[in-house]
Number of protein chains: 2
Amino acid sequence: MYFQFSTCRFSEIPFAFPKISSIFAYVLQVIMKHITIKDLAKELGVSISTVSRALNDKYDINPATREKIISKAQELGYSPNPIAQKLQQKKSNNIGVVVPEFRNAFFPDVITGIQDIMLPLGYQVLIMQSNENAETELSNVKTLYNNMVDGLIISFSSETHKTSYYKSIIDDGFPIVQFNRVIAKLNTSKVLFDDYAWAFMATEHLILQGYKNIIHLKGPRHLTFSISRAKGFEDAMKKHKLHTGDNQFYDSGVTIEDGKRVMSELIECNKLPDAIFGVTDPVALGAMIVMKEHGIQIPKQVGVVGFSESRLSEVIQPTLTTIKQPTYEMGQAAAKLLIQEIETKISIPQNIKLSGSFKIKQSSVRI
Amino acid sequence: MYFQFSTCRFSEIPFAFPKISSIFAYVLQVIMKHITIKDLAKELGVSISTVSRALNDKYDINPATREKIISKAQELGYSPNPIAQKLQQKKSNNIGVVVPEFRNAFFPDVITGIQDIMLPLGYQVLIMQSNENAETELSNVKTLYNNMVDGLIISFSSETHKTSYYKSIIDDGFPIVQFNRVIAKLNTSKVLFDDYAWAFMATEHLILQGYKNIIHLKGPRHLTFSISRAKGFEDAMKKHKLHTGDNQFYDSGVTIEDGKRVMSELIECNKLPDAIFGVTDPVALGAMIVMKEHGIQIPKQVGVVGFSESRLSEVIQPTLTTIKQPTYEMGQAAAKLLIQEIETKISIPQNIKLSGSFKIKQSSVRI
DNA sequence: ATGAAAGCGCTAACAT
DNA sequence: ATGTTAGCGCTTTCAT
């Protein structure tokens with residue numbers, strides 16, 4: 001550290017000029033650090049409780065004094081100290097949101113949905129990013145919890161295994177809503193997409209286009225959505241009596257790089273399938289990029305279907321057939337559930353399953 | 001509201017079974033809401049100040065008692081209440097980050113850079129999203145400020161005009177670092193990209209490819225980066241004696257939709273240029289998508305260069321020539337500046353300009 | 001080396 | 001209708 005002065009250069013200025021013109025007086029209030037109810041009380045010659053009552057619009061208050069106090073508060077630029085309020089009331093009107101990442105459009109869209117419900121109701125939304133790291137995630141949740149957010153909306157990282165802390169705060173009555181990446185055994189409300197049904201539909205679409213040797217690029221194995229999508233794929237294949245051995249499943253991940261990696265391996269091993277169902281759009285896109293580099297024609301040689309989570313599908317050529325999830329609505333639903341739990345103070349865990357839509361584009365349609 | 005019970009179902013359980021086996025005892029601590037130093041003091045028969053001293057590793061404390069207290073704290077799962085600490089100390093070890101959006105990769109990448117500096121130093125990062133809305137932005141900053149974050153890293157929305165609040169807290173000594181979308185007159189450290197130089201280079205690249213009637217799709221007019229990029233474009237054009245009247249500039253924005261809109265207008269008015277320099281990748285992409293729909297060949301008929309802020313450039317066909325900004329490093333730089341200001345308690349506003357790289361792809365290279 | 005007590009800004013029960 | 005007071009959990013003098 002280069003500098004040894006420890007005082008703020010500006011903080012003393014107001015006190016150096018106790019009485020100046022009214023223009024300066026205005027500047028002073030703005031600069032002055034945090035007016036408190038005590039200041040208001042002293043200024044007006046009333047007690048702090050009177051001020052508190054006025055500010056909180058309580059019953060036992062003379063309308064005249066209330067007006068006086070409120071206008072004074074306005075004049076001095078008073079705003080309540082939420083820290084003190086929280087310490088006292090154990091309610092912050094903040095809610096926390098923890099997501100694994102927001103590099104794809106999926107989580108940002110959900111968050112926007114959450115905000116659009118929360119902000120009008122007077123809640124602020126604090127967002128943290130776990131970077132797909134279980135440890136960071138835990139410390140995020142602890143920070144939020146210790147800072148007394150009134151509730152939490154979370155989508156777990158793909159690495160989360162230890163759930164004891166989450167379980168303890170949930171049992172303690174702390175309102176949590178899980179979405180998208182949920183941990184089944186945690187007893188909270190969950191907002192989900194019907195991954196199974198839509199994966200089934202996507203697979204069946206490929207089958208009906210005449211593709212036979214269809215493979216699935218699987219997501220992380222302990223995330224419910226991965227499991228559901230894989231199951232939907234498998235059941236659709238079975239329904240149409242197509243082969244569903246281990247050779248139809250490839251562990252990938254959720255990113256473009258994952259898709260590229262798996263596809264490169266497949267091509268190298270001469271295992272090119274007829275069609276690919278990617279667990280996410282980025283995975284499907286990664287596979288497409290590699291195939292294009294190898295001159296493999298899509299959808300003529302290989303059909304591709306992805307699964308939302310991205311805006312990339314609109315941009316790639318050929319455009320990617322995909323399932324569109326109602327991301328914004330998921331956020332809204334999660335927010336509503338959380339608000340309900342916060343304001344009724346009672347937890348009735350429920351699962352909400354939202355429906356989506358199927359966007360058939362070029363990548364899966366043989367002409 | 002359907003439910004009238006107002007008590008939490010679980011919170012009473014511990015007290016219903018005061019003495020049980022040690023296994024249950026363990027469960028109880030976990031469930032019990034917030035052990036305080038008072039609890040520890042009572043439990044050990046010492047005063048709260050002794051406990052506080054032990055926990056904070058102060059000088060005046062008997063090592064033996066300290067050990068006793070610390071191990072008891074561990075045993076009971078004590079963790080300090082940061083709200084109370086903040087109220088007392090005015091230091092939270094949280095910092096706030098406010099960005100206009102995180103639907104593109106740009107801001108998320110910066111935030112990751114910020115986190116990678118902050119987390120190891122014991123700071124938590126609270127993120128808020130202004131949705132490009134000046135009002136939301138202001139209320140975000142107020143929330144963060146009132147919740148006593150130790151400092152703020154911000155990139156302003158494209159609509160921000162009123163700066164009086166920001167000015168007041170800055171003058172008050174509150175540490176702020178601006179990046180990317182900065183407001184020049186706010187006297188804080190700024191982390192910037194050398195937009196001018198790189199815009200100049202991008203434009204010159206197009207000129208050297210033989211394009212002559214080059215237009216610039218401009219960003220929001222009061223953001224410094226828009227201004228710098230437009231100036232870089234203009235100066236490069238002038239250097240090569242190319243026309244730089246109003247017809248070379250089109251107000252767009254920052255999104256794909258903006259690019260589409262402007263390009264559609266240009267085509268409709270029969271004003272197709274030789275080449276386009278988009279203020280951001282999404283804008284350039286939007287223009288490309290519309291041109292492709294109209295059968296206009298890129299780069300043969302029209303060359304295109306974008307400006308980072310997206311991962312889309314890798315996916316579109318033809319791949320998009322673009323400037324790559326050091327997003328992650330910007331985050332790191334901003335975080336370091338902020339830490340320095342927080343920990344020295346002194347503000348020496350400085351501008352840091354980072355350099356980038358030029359990714360020449362298909363969209364701008366005539367064969 | 002330890003305890004008692006004040007105080008951070010606020011709300012709410014208790015007085016008047 | 002208003003004032004007095006206790007207390008939220010913590011740190012920090014000030015006594016002892």
Side-chain angles (χ1 to χ4, degrees), chain A residues 6 11 32-70 72-73 76-94 142-143 145-150, chain B residues 6 11 32-70 72-73 76-94 142-143 145-150:
Chain A
S6 74
S11 59
M32 192 119 69
K33 204 153 202 155
H34 282 306
I35 309 283
T36 70
I37 52 170
K38 213 186 217 168
D39 299 327
L40 291 177
K42 206 187 301 172
E43 191 85 10
L44 291 160
V46 296
S47 74
I48 55 165
S49 44
T50 303
V51 175
S52 174
R53 272 191 281 257
L55 261 19
N56 292 300
D57 211 7
K58 285 282 158 63
Y59 44 104
D60 260 8
I61 180 83
N62 184 323
T65 40
R66 191 184 56 214
E67 286 321 308
K68 223 166 37 186
I69 290 169
I70 292 197
K72 195 70 177 178
L76 295 186
Y78 167 83
S79 80
N81 180 334
I83 302 280
Q85 285 178 317
K86 272 187 264 196
L87 182 61
Q88 223 278 335
Q89 315 183 296
K90 298 169 181 300
K91 174 110 164 75
S92 66
N93 280 315
N94 290 165
K142 281 183 176 167
T143 298
Y145 181 72
N146 287 333
N147 279 284
M148 296 187 182
V149 293
D150 297 337
Chain B
S6 74
S11 59
M32 193 118 71
K33 204 152 201 156
H34 282 306
I35 308 284
T36 69
I37 52 170
K38 213 187 217 167
D39 299 326
L40 291 177
K42 206 189 299 173
E43 191 85 9
L44 290 161
V46 296
S47 76
I48 55 166
S49 39
T50 303
V51 175
S52 174
R53 273 190 282 257
L55 261 19
N56 291 301
D57 211 10
K58 285 283 156 69
Y59 44 102
D60 261 9
I61 181 85
N62 184 324
T65 39
R66 191 184 55 214
E67 286 321 307
K68 226 168 35 187
I69 290 169
I70 292 201
K72 194 68 176 181
L76 296 185
Y78 167 82
S79 80
N81 180 334
I83 301 282
Q85 285 178 316
K86 271 186 267 195
L87 182 60
Q88 224 279 334
Q89 316 183 292
K90 317 207 166 266
K91 172 109 164 82
S92 66
N93 279 314
N94 291 165
K142 282 183 176 168
T143 297
Y145 180 72
N146 287 333
N147 279 282
M148 295 185 183
V149 293
D150 297 338

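Proteins come first, then strands; the chains are lettered A, B, ... in the order of their sequence lines, and each starts at number 1.
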Self-check item: Between A/N93 and A/K86, a side-chain donor and acceptor under 3.5 Å
Solution: no
Nucleotide [N], atom [atom2] - distance to [atom1] of [X] in whole Å:
X	N	atom1	atom2	answer
B/N146	C/dC10	CG	P	10 Å
B/R66	C/dT2	CZ	P	11 Å
A/K91	C/dA12	NZ	P	13 Å
A/N56	C/dA13	CG	P	13 Å
B/L44	C/dT2	CG	C1'	14 Å

Practice problem: Quick one: pull up CG in A/L40 and CG in A/L55 and give me the separation to the nearest 0.5 Å. | Solution: 6.5 Å
To check you understand the geometry: which heavy-atom pair defines the closest contact between [X] and [Y], and what is its length?
X	Y	answer
B/N81	B/I83	OD1-N, 2.7 Å
B/A41	B/S47	CB-C, 3.9 Å
A/N94	B/N147	OD1-ND2, 3.9 Å
A/A84	B/L87	CB-CD1, 3.9 Å
A/I35	A/Y78	O-CD1, 3.1 Å

Pairwise N/O distances under 3.5 Å, protein to nucleotides 14-16 of chain C:
none

Quiz prompt | Residues forming a side chain to side chain donor-acceptor pair (under 3.5 Å) with B/T143, sequence neighbours excluded | solution = A/Q124
Quiz item: Given axes from five pairs at either end, by how many degrees does the helix from C/dA1-D/dT16 to C/dT16-D/dA1 bend, rounded to 10°?
Solution: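 What I find for the helix from C/dA1-D/dT16 to C/dT16-D/dA1 is an axis angle of 50°.
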Quiz item: How about B/K42: does its NZ atom have over 12 heavy atoms from other parts shown lying under 6.0 Å from it?
Solution: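 Not buried by this count: 12 neighbours or fewer within 6.0 Å.
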Self-check item: Any A/S52 side-chain nitrogen or oxygen under 4.0 Å from OP1 or OP2 of C/dA12
Solution: no
Quiz item: Would you say a side-chain N or O of A/K58 is under 4.0 Å from OP1 or OP2 of C/dA12?
Solution: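 So the side-chain polar atoms of A/K58 do come within 4.0 Å of the phosphate oxygens OP1 or OP2 of C/dA12, strictly under.
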Quiz item: What about B/S47: does its side chain form a donor-acceptor pair under 3.5 Å with the base of C/dA4?
Solution: no
Quiz item: salt bridge (charged side-chain N to carboxylate O under 4.0 Å, His left out): which pairs involve residues 43-64 of chain B, sequence neighbours left out?
Solution: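 Listed once each, the pairs are B/E43-B/K72, B/D57-B/R66.
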Quiz item: Mind checking whether A/D39 and A/L76 have side chains closer than 4.5 Å, heavy atoms only?
Solution: no
Self-check item: Any side-chain heavy-atom pair of B/L44 and B/T65 under 4.5 Å
Solution: no
Quiz item: Counting only N and O atoms by type, is there a donor-acceptor contact under 3.5 Å from the side chain of B/N146 to the main-chain atoms of A/P82?
Solution: no
Pairs: protein N or O with nucleotides 6-8 of chain C N or O, under 3.5 Å:
from  : atom 1 : to    : atom 2 : distance (Å)
C/dG7 : N2     : B/Q88 : NE2    : 3.3
C/dC8 : OP2    : A/K38 : NZ     : 3.2

Quiz item: So where does chain A start and stop touching DNA chain D, 5' to 3', when the test is distance under 4.0 Å to a non-hydrogen atom?
Solution: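 From 5' to 3', the first and last contacting nucleotides are D/dA1 to D/dG9.
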